[in-house]
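Letters A, B, ... are given to chains in the order of the sequence lines, protein chains preceding strands, and every chain is numbered from 1.
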Amino acid sequence: MILKRARTLTWVSAAIILISLGFLILVPQLFVGNSFLISTFVFANIYSILAMSWDLLSGYTGQISFGHSFFFGIGAYTSALLSMHLGWSPLYTIPLGGVMASLGGLLVATPALRLRGPYLSLITLVSALGIDQLIRVLKLGSTGAEGAIQCEIDLATGVNHCVPPISANEVEVYYFALGLMVCIAIFLIFLVRSRIGLAFEAIRDDEEAAEAAGIDAKKYKILAFMISGFLAGLAGAVMVHKMQQASPGLVLDLNISIEAIVASVLGGMGTILGPVGGAYFYILIRELLRPFGQWRLFAVFVIALLILLFIPRGVLAEIRLRLMHWIKSEKPKEPQQGARA
Amino acid sequence: MEVIAEVLIFGFLISSLYALVSVGFSMIFGVAGVLNLAHGAMAMFAAYIASWAIMTFGLGFLPASILGVLGVALISPILYWVIIRPLGEKPVVVFLATLLLGVIFEQAMILAFGFNARVLPPIIKGGFIVFGDIRILYNRALAGAVAVILIGLLWLFITRTKYGKAIQGISMSTKGAALSGIPTHKIILLVWAISGALAAIAGLFSASFLGVSPLADREFTVIAFSTVVLGGLGSLPGSLLAAFIIGYVETITVQFAPEARGLASLAILIVVLILRPQGLFGRAHE
């Protein structure tokens with residue numbers, strides 16, 4: 001029933017991954033004191049986590065989410081409020097943010113179980129829009145307008161009270177984000193190659209057939225929502241401590257969900273490492289090409305659309321495939337229709 | 001009494017515009033099986049074309065609007081032809097492609113016209129229709145009337161004409177329709193054009209009351225998407241009913257609990273989808 005997968009990690013791709021990782025580890029040493037660039041790389045790592053989380057739920061399990069900002073925002077707000085008002089260290093509140101987002105995943109998954117395709121995507125979209133509205137209406141634990149969490153000055157003591165950073169040292173923040181991203185990537189790579197990952201793919205490809213083969217689709221879908229929610233929540237929580245503030249516009253905007261999708265499409269849906277590459281590409285262009293103004297985003301979105309049209313596997317997956325075939329001196333096969341929907 | 005009459009009238013006006021956006025979205029899904037997340041961008045794009053024509057050529061609102069509607073009626077089928085159709089039967093890829101098209105339009109509008117919102121002049125300036133204490137601007141009343149007339153005409157078109165029957169046929173089975181000699185590709189292009197034009201008209205009116213900004217398309221798309229899913233995918237009567245449910249719920253919440261605007265219709269959507277996963281009028285399984 002479940003075939004043993006061919007080993008897809010060749011020495012070439014292993015070498016490329018190791019070289020990239022080596023470069024990323026050296027980023028603070030290569031760009032000493034360039035805090036803009038280091039910040040940019042921190043954001044790239046955060047978005048990589050978010051994009052991988054989207055990829056697990058949508059690329060692997062086929063449950064297309066338009067509302068990943070829902071999980072991102074829950075993680076961000078949980079961690080910000082706990083660390084600011086209870087004074088807990090971000091090292092504890094970030095995982096708690098992930099846990100809350102995971103429970104959010106359970107909440108969305110429950111109605112989502114009966115829904116498929118567009119109905120399901122709409123539920124994810126509606127949850128994201130709904131929590132955005134809810135936080136604005138409730139003005140959740142904040143002094144800022146419309147549910148924003150900003151620094152508060154305690155009038156009695158004159159102490160400025162902010163969302164604490166993960167560390168005062170930006171290099172440590174960078175290594176924290178990079179380390180978290182790498183751990184999550186390794187975890188996901190093992191996960192998608194396990195029986196659980198195969199069940200996810202089976203559900204994506206044909207839910208009825210998967211159920212007929214004895215896969216409990218409900219159980220696995222809930223699992224996918226919860227793991228994906230947890231990871232996106234972690235990303236949001238790290239983000240909030242990086243920015244030291246939160247507002248619906250910063251952590252719950254629809255743009256965040258769109259950016260996660262764009263990153264995954266750029267790198268290749270259903271590949272885990274593809275979205276990491278896509279997230280890096282997207283964030284580096286967004287941050288480093290600021291002088292080009294809006295043109296840079298226009299260009300990135302057009303590129304993403306062209307990739308969807310002509311390289312539906314995604315760039316990294318296509319390159320890896322061509323490399324493998326080149327090594328074996330074979331012509332690459334044309335992508336099969338509908339093989340990867 | 002006053003309040004009830006006000007809710008009834010304004011709810012009707014807003015619902016009829018929602019209906020105009022939603023029927024097009026629903027028809028495109030019916031014939032092409034595409035959930036067109038760039039639908040809202042068509043509404044916004046028409047408003048920008050009109051605004052550009054007014055500013056550049058000094059056209060009046062009416063000719064500028066006609067230009068906007070025609071422009072969208074032309075570009076909408078082209079998008080289908082050039083981008084959506086070659087993707088073939090891959091619903092997820094098509095879904096994401098329309099999402100990207102929408103954001104590309106947003107960026108293009110920002111590049112061409114900047115971030116700031118623009119307001120179109122009303123088609124009929126000043127003046128109110130008076131019902132007791134309720135005053136309705138001529139422009140809003142006109143929007144409601146145009147929307148109702150267009151939906152009525154669309155209904156006649158779909159149920160009474162040859163083309164309409166072809167559209168119905170394709171919605172039921174594309175292959176079956178093609179086998180009966182219906183030029184499916186041409187009819188689908190026609191549906192994209194009509195849907196685009198209807199969205200464009202809604203966008204133009206909305207821009208003349210509320211203005212238009214480069215991200216305004218998202219609200220249209222969310223309304224169309226939620227309405228059509230609430231009504232049941234592929235069911236035009238369902239979409240119309242759902243447009244009125246969402247329009248009235250919004251009007252009522254704005255009247256009695258303005259801060260919860262937006263939340264109420266989202267809540268209704270979630271409740272309906274939990275109770276009836278296929279929407280109000282949807283078939284249980286496609």
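For the atom pair E106(B) CD and Q294(A) CD, the distance stands at 10.0 Å (nearest 0.5 Å). L266(B) contributes atom CG, which lies 9.0 Å from atom OG of S127(A) (distance to the nearest 0.5 angstrom). The CZ atom of R116(A) sits 12.5 Å away from the CD atom of Q278(B) when rounded to the nearest 0.5 Å. With values rounded to the nearest 0.5 angstrom, L308(A) atom CG is found 9.5 Å from L101(B) atom CG. Atoms CH2 and CD1, from W295(A) and I110(B) in turn, are 12.0 Å apart once rounded to the nearest 0.5 Å. Atom CD1 of I104(B) is separated from atom CZ of F301(A) by 8.5 Å, given to the nearest 0.5 angstrom.
D132(A) does not touch chain B: none of its heavy atoms, backbone or side chain, sits under 4.5 Å away. Proximity to chain A (any heavy atom under 4.5 Å) is restricted, for L269(B), to the side chain, taken from C-beta onward. Heavy atoms closer than 4.5 Å to chain A are found in the backbone of L275(B), but not in its side chain. Looking at L125(A), only its side chain comes within 4.5 Å of chain B, counting heavy atoms on both sides. In this structure, chain A has heavy atoms under 4.5 Å from both the backbone and the side chain of I83(B). Within the 4.5 angstrom heavy-atom criterion, only side-chain atoms of I261(A), from C-beta onward, approach chain B. Of the atoms belonging to V302(A), heavy atoms from both backbone and side chain fall under 4.5 Å from chain B. In this structure, chain A has heavy atoms under 4.5 Å from both the backbone and the side chain of L273(B). Interface remark: L122(A) contributes backbone and side-chain atoms alike to the contact with chain B (heavy atom separation under 4.5 Å).
Nearest heavy atom pair, residue V92(B) against residue M269(A), reads CG1-CE, 4.1 Å. The shortest non-hydrogen separation linking L233(B) to P118(A) is CD1-CG, 3.6 Å.
Residues that satisfy the side-chain hydrogen bond (donor to acceptor under 3.5 Å, both in side chains) test with S195(B), not counting sequence neighbours, are absent from this structure.
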Practice task
Go through R218(B) and I258(A) one step at a time and tell me if the side-chain contact (heavy atoms from CB on, under 4.5 Å) criterion holds.
Solution key: CA-CA 12 Å; R218(B) 293 186 184 175; I258(A) 294 176; 3.7 Å; yes
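Sparse packing is recorded around CE of M100(A), with 12 or fewer heavy atoms of other residues, nucleotides or ligands lying under 6.0 Å away. Within a 6.0 Å sphere centred on CZ of F292(A), other residues, nucleotides and ligands contribute 12 heavy atoms or fewer.
Interface summary for chain B: among L254(A), L129(A), V300(A), the most heavy-atom pairs under 4.5 angstrom belong to L129(A). Residue with the most contacts toward chain A among L100(B), L99(B), L111(B), L263(B): L111(B) (heavy-atom pairs, distance under 4.5 Å). Options A267(B), A97(B), G279(B) differ in how many heavy-atom pairs under 4.5 Å they form with chain A, and the most are formed by A97(B). Here N255(A) is the residue among T110(A), N255(A), V265(A) with the most heavy-atom pairs under 4.5 Å with chain B.
Near-neighbour residues of residues 279-290 of chain A relative to chain B, defined by a heavy atom under 4.5 Å from a heavy atom of that chain, are none.
In this structure a side-chain-to-backbone donor-acceptor pair under 3.5 Å is missing from Y119(A) to L230(B).
Aromatic pair F95(B)/F66(A): centroids less than 6.0 angstrom apart.
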